[in-house]
J.: 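Once you've had a glance at the structure underneath, I'll fire off some questions.
Each chain gets a letter, A, B and so on, in the order the sequences are listed, and its residues count up from 1.
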4 protein chains.
Amino acid sequence: MPRTEQQFAAIREKSKAKFLRTALELFANYGYHSTSISQIAKSAGVAKGSLYHYFESKEQLLEAVFMQGLNELDGLFEEIDMEAAPEDKLTQLLDLSISSLQKEKHFWQLYFALITQMKLPEVLRKRLQPVMNEMFTFFNILFQELGAEEPESEAKLLAATFDGICLHYLMMGEEYPLEKVKEKLLGMYIGKR
Amino acid sequence: MPRTEQQFAAIREKSKAKFLRTALELFANYGYHSTSISQIAKSAGVAKGSLYHYFESKEQLLEAVFMQGLNELDGLFEEIDMEAAPEDKLTQLLDLSISSLQKEKHFWQLYFALITQMKLPEVLRKRLQPVMNEMFTFFNILFQELGAEEPESEAKLLAATFDGICLHYLMMGEEYPLEKVKEKLLGMYIGKR
Amino acid sequence: MPRTEQQFAAIREKSKAKFLRTALELFANYGYHSTSISQIAKSAGVAKGSLYHYFESKEQLLEAVFMQGLNELDGLFEEIDMEAAPEDKLTQLLDLSISSLQKEKHFWQLYFALITQMKLPEVLRKRLQPVMNEMFTFFNILFQELGAEEPESEAKLLAATFDGICLHYLMMGEEYPLEKVKEKLLGMYIGKR
Amino acid sequence: MPRTEQQFAAIREKSKAKFLRTALELFANYGYHSTSISQIAKSAGVAKGSLYHYFESKEQLLEAVFMQGLNELDGLFEEIDMEAAPEDKLTQLLDLSISSLQKEKHFWQLYFALITQMKLPEVLRKRLQPVMNEMFTFFNILFQELGAEEPESEAKLLAATFDGICLHYLMMGEEYPLEKVKEKLLGMYIGKR
DNA sequence: TATGAATGAGCCTTCATTCAT
DNA sequence: CATGAATGAAGGCTCATTCAT
C-alpha cells in the first residue's frame, strides 16, 4: 500500500526543512562557494542526491534558503503598533530588529554576505526590494512625525546605522555591546527625555 | 651591473602591481571564488603561470591585494590635524573616508565582502585589527573631547554608522546621496552650530 | 477464486503492455541512453518504482521492448503465399515490409539504432539471428527460383537494399518517395513485364 | 624562455589529433553515451582535464570528431573523373566508397550510429546536408546520362542500396562478401554490356 | 501491488597549480 | 622570468535502483 499523499507531503516538508536549515547554517558559516553539496548532505545526514529532490540546483537552494529567511522576516514588523508615538515605534523596531538579529544570526550573516557580493540572483533582488522599501518608508514616516526637515536623508542615515550595527554585531560576536549601542542610538533620536 | 638588477626589480614591481590592480578589480566585481586565475591573467595581459612568480597561490594573492589596500589606507588618517577641535577632526575624518570610499571603491567592496564572510585568513585578520583599533581609538578620544558620558559606546555607534553608510553607498551606487547623509551625520554630532 | 487471479494477470498484462508501448516510443524518439526511467514512468502515468515490478532493469526493459517488436514481426511473413511465383512473392514481401515500416515506425527506428550500436545484448542478438536468417533464406530461394547465377550474393544485395530503403525512409520522414522507390526496385528484379 | 608560438601550435595540434583519434575509436566501438571522458583520456594516455583544453564539452568533441571525418570525405569524390562514361563513374564511386568504408570503419560506424539516432546537433546536420546533396546530385546526373526515365527515383534507390551495403558490412564484419555484392550491384546497373 | 523518497556510483566539468621549454 | 599545456582533485548533478509503507 502506498503512502497517502499527505504522508508524502509531510516527508517532503520535513526533509526540505532539514536541508534548508542545514544549508543556511553552512552557507552562513563558510560562505556559499566554500560549502559543497556533499557537506550539506553529510551535515543533514542524508545522501547527496536527495538534495536534488527538493532543489533544482545549488543556486536554487540558496534562493530558497534566503527566501525562507525573508518570509519569516515579513511578519516581524507587523507586531509594531503603528499608532504609537514615533519614539515608541523606533524603540519597538530596534528591539524587534535586535531580537531577530540574535535569533536568526545565520540568516543575517548570509544576508550581509549576499548583498555584499552583488551577484544576487534576480529573483532574490526582486524579493528583497519591497522589504527594504517598507523599512525605508517606515523610517521616512517616522521622521516626518518627528518633524525632521529632511526626513528622507534622516531615514537613509538611520537605515545605514541600523545595518552598520548589525554588521558589527555579527563580526564581533557576543562581546559586542549591542544593548549599550542601542541605548545610545535611541538617545540620539529620542533624546534625554 | 647593479643597474640591471634595479631594472629587474622595477619590472618585477610593475608586473606585480598590475596583477594586484587587476585582481582587486575582478575580486571586487565578481567575488573571490567566482574569479579564476585564468581570468586575472588574461585581464592583466599575461600568462597564467607568470602569476605564480609573484604570488604563491590564489589565496596569497588575495592577501596581497587586501594588504595593499590597507597599506594605502594607513597614510589616510595621518592627514588629519590631531590638534584641531573635535568637530573639525570628525569633519575631516568623514571627508577623508568618503573620498577614499569613492576613489577606492573596489577595495571597499572587497573589504566588505571579506569581513562579511568570516573566513578572513589569519594574516588578514591580524593586519586589520590595528587599523580598526586605531579608528576606534580615534573615535574614543573624539568623544572624550566632546565630553560624552560613555565615549566607548558612542565610538562604537559612530563606527557602525560609518560602515553602514559605506555599505549602502557601495550597494546603491552613485544615486546614493552620500553628501546629504554626511551632512545629517555631522549635524547629529556637531549640532546646529 | 480463479477469476481474481485471471483479473490480476490481465491487469498485469495491461500495465506491462503500457510500459512497453511507452518505452518503445521514447527509446525510438530520444534514444535509449537519453530516456530515463522517470520519463518512461511519467509518460506511462505510473510511478517509477512500479516499473521494477515488471522489468528487472532498464536494460531488460529494452530487451522486452525489442523482443515484442520481433515477435510481432514473426507473423508478418507468414502471410506470404509461398507457392506463388517469385515475382509475386517479392512484391508481397515488399508490400508487407513497407506496411510494417509505416505502422511500426518506432520499432524500426529502435531496430536501426540498436543494430548500429553493436552493443546488442547477447539475448537480442540471438533472437535477431533467426529472423534475419529467415529473411535471407527467403531471398535465397527467391533468386534460385529466378534462376540467378549466384543467388547468395543476390540475396545479400537485395537485403542491403531493403535495409537501405528503410533507413532512408526513417531518416527523411513522409517526404520520402517510398512508393516510387519500391516501384523502381520491383522493376529491377521483375523487369518490365 | 617560453616556447615559440609554433611550438605551442604543434603541441596543440598533436594532442588534439590524438584526442580525435581516440574519441572516434571509442565512440564508434561503444557509442557516444557509453564512452566516458575518463575512458577517452585514459585511452589517449592523458589526464581527464586536458581534454577540455581542446574541446569545450563532450558534445563538442563529438562534433569535432564527426566534422573531421566529413572533411576527410570531401576530398574523396574529387578523384572521380567526371568526364568518364557513367558506367565508369559508378564503378569508380563504388570503389572509392568501399575503400573509404574499409579504411575509415570507425567513422562510418559513428556515422550510422548518429544518423540513426536523430539527435544530430544542428551543426552536424548542416554540415552533413551538402555532402548528401552532392552524392544525390552525382547519382542523379549519372542516371540522366544513362537515360533513365525517372533519374530521381533511381538515384534514391541507388543511394539506399549504397547505405544498406555499408550498414551490412559494418554489422557483419570481414566475412561480409563486399566484393561480390559490389559486382552484383554493378551488374544490375551496367548490365551485360 | 503501487508509490515516490532515498541512495550513491558515476558522470561531465572546472580550476588552482606545476613544469618543461 | 615567461609561457601555456598538462594535471587531477573536487565539485555539481543525474539517474538506475532500492525499499519502507
J.: Is the A:Phe107 ring parallel, tilted or perpendicular to the A:Tyr111 ring (thresholds 30°, 60°)?
T.: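 A:Phe107 and A:Tyr111: tilted rings.
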J.: If you round to the nearest 0.5 Å, how far is CD1 of A:Ile37 from NZ of A:Lys48?
T.: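 Between atom NZ of A:Lys48 and atom CD1 of A:Ile37 there are 9.5 Å.
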J.: Which of residues 40-56 of chain B sit near DNA chain F, with a heavy atom under 4.0 Å from it?
T.: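 Of all residues in residues 40-56 of chain B, the ones placing a heavy atom under 4.0 Å from DNA chain F are B:Val46, B:Ala47, B:Lys48, B:Gly49, B:Ser50, B:His53, B:Tyr54.
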J.: In whole Å, what is the span from the OH atom of A:Tyr30 to the C1' atom of F:dG11?
T.: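 Roughly 18 Å, once rounded to whole Å.
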J.: Starting from C1' on F:dA2, measure out to CD on D:Gln7 and report it in whole angstrom.
T.: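 After rounding, the reported distance stands at 13 Å.
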J.: What is the distance, rounded to the nearest whole Å, between atom CG of A:Leu62 and atom P of F:dG12?
T.: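 It works out to 12 Å between those atoms.
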J.: Run B:Phe66 and B:Phe27 through ring pair (Phe, Tyr, Trp, His ring centres under 6.0 Å) and show every step you take.
T.: CA-CA 10 Å; B:Phe66 195 65; B:Phe27 286 162; over 10 Å; no
J.: Does a donor on one side chain sit under 3.5 Å from an acceptor on the other, for D:Ser15 and D:His53?
T.: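 Result is no, nothing qualifies.
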J.: Regarding D:Ser34, tell me which of base, sugar-phosphate or nothing describes its non-hydrogen contacts under 4.0 Å with the strands shown.
T.: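 Result for D:Ser34 = nothing.
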J.: Roughly how many Å is it from CD in A:Gln60 to P in F:dT14, rounded to a whole number?
T.: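 In whole Å, F:dT14 P lies 12 Å from A:Gln60 CD.
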J.: Can you tell me how far C1' of F:dG4 sits from CD of D:Gln6, to the nearest Å?
T.: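 Value for this atom pair: 16 Å.
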J.: Rounded to whole angstroms, how far apart are NE2 on B:His33 and P on F:dA10?
T.: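 Value for this atom pair: 16 Å.
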J.: Select from B:Ser38 and A:Glu5 the residue whose nearest nucleotide in DNA chain E is closer to the 5' end of that strand.
T.: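 The 5'-side residue here is A:Glu5.
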J.: Nearest 0.5 Å, please: how far is CG in C:Leu114 from CG in C:Leu120?
T.: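 Result: 6.0 Å between the selected atoms.
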J.: May I have the distance from D:Gln39 (atom CD) to E:dC11 (atom P), rounded to whole angstrom?
T.: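 Result: 7 Å.
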J.: Reading DNA chain E 5' to 3', how would its secondary structure be written in dot-bracket notation, given Watson-Crick and G-U pairs with both distances under 3.5 Å, brackets [ ] for crossing pairs and | for partners on other strands?
T.: .||||||||||||||||||||
J.: Counting only side-chain nitrogens and oxygens, does A:Arg3 get under 4.0 Å of the OP1 or OP2 atom of E:dA5?
T.: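 No, A:Arg3 has no side-chain N/O under 4.0 Å of OP1/OP2 on E:dA5.
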J.: Looking at A:Phe112 versus B:Phe112, is the centre-to-centre ring distance below 6.0 Å?
T.: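 No, they do not, as the ring centres are separated by 6.0 Å or more.
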J.: Within this structure, what is the CD-OG distance for the pair C:Gln39 and C:Ser34, rounded to the nearest 0.5 Å?
T.: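 So the CD of C:Gln39 and the OG of C:Ser34 are separated by 8.5 Å.
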J.: With nearest nucleotides of DNA chain E determined for A:Phe8 and B:Ile37 from heavy-atom distances, which residue corresponds to the more 5′ nucleotide?
T.: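 That would be A:Phe8.
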J.: Supply the atom-to-atom distance D:Gln109 CD to C:Gln117 CD, rounded to the nearest 0.5 angstrom.
T.: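 Interatomic distance, D:Gln109 CD to C:Gln117 CD, rounded to 0.5 Å: 9.5 Å.
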J.: Please report, rounded to the nearest Å, how far the C1' atom of E:dA6 is from the CD1 atom of A:Ile11.
T.: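 The distance from CD1 of A:Ile11 to C1' of E:dA6 comes to 10 Å, rounded to the nearest Å.
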J.: With respect to the side chain of D:Ser57, which nucleotide from F:dC13, E:dT13, F:dA16 is positioned closest?
T.: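 The answer is E:dT13, which lies nearest to the side chain.
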J.: So, does A:Arg12 get its side chain near the phosphate of E:dG4, meaning an N or O under 4.0 Å from OP1 or OP2?
T.: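 Answer no for this pair, as no side-chain N or O of A:Arg12 is under 4.0 Å from OP1 or OP2.
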J.: When rounded to the nearest 0.5 angstrom, what distance separates NZ in B:Lys58 from CG in B:Leu61?
T.: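 Answer for the NZ-CG pair, B:Lys58 versus B:Leu61, is 9.0 Å.
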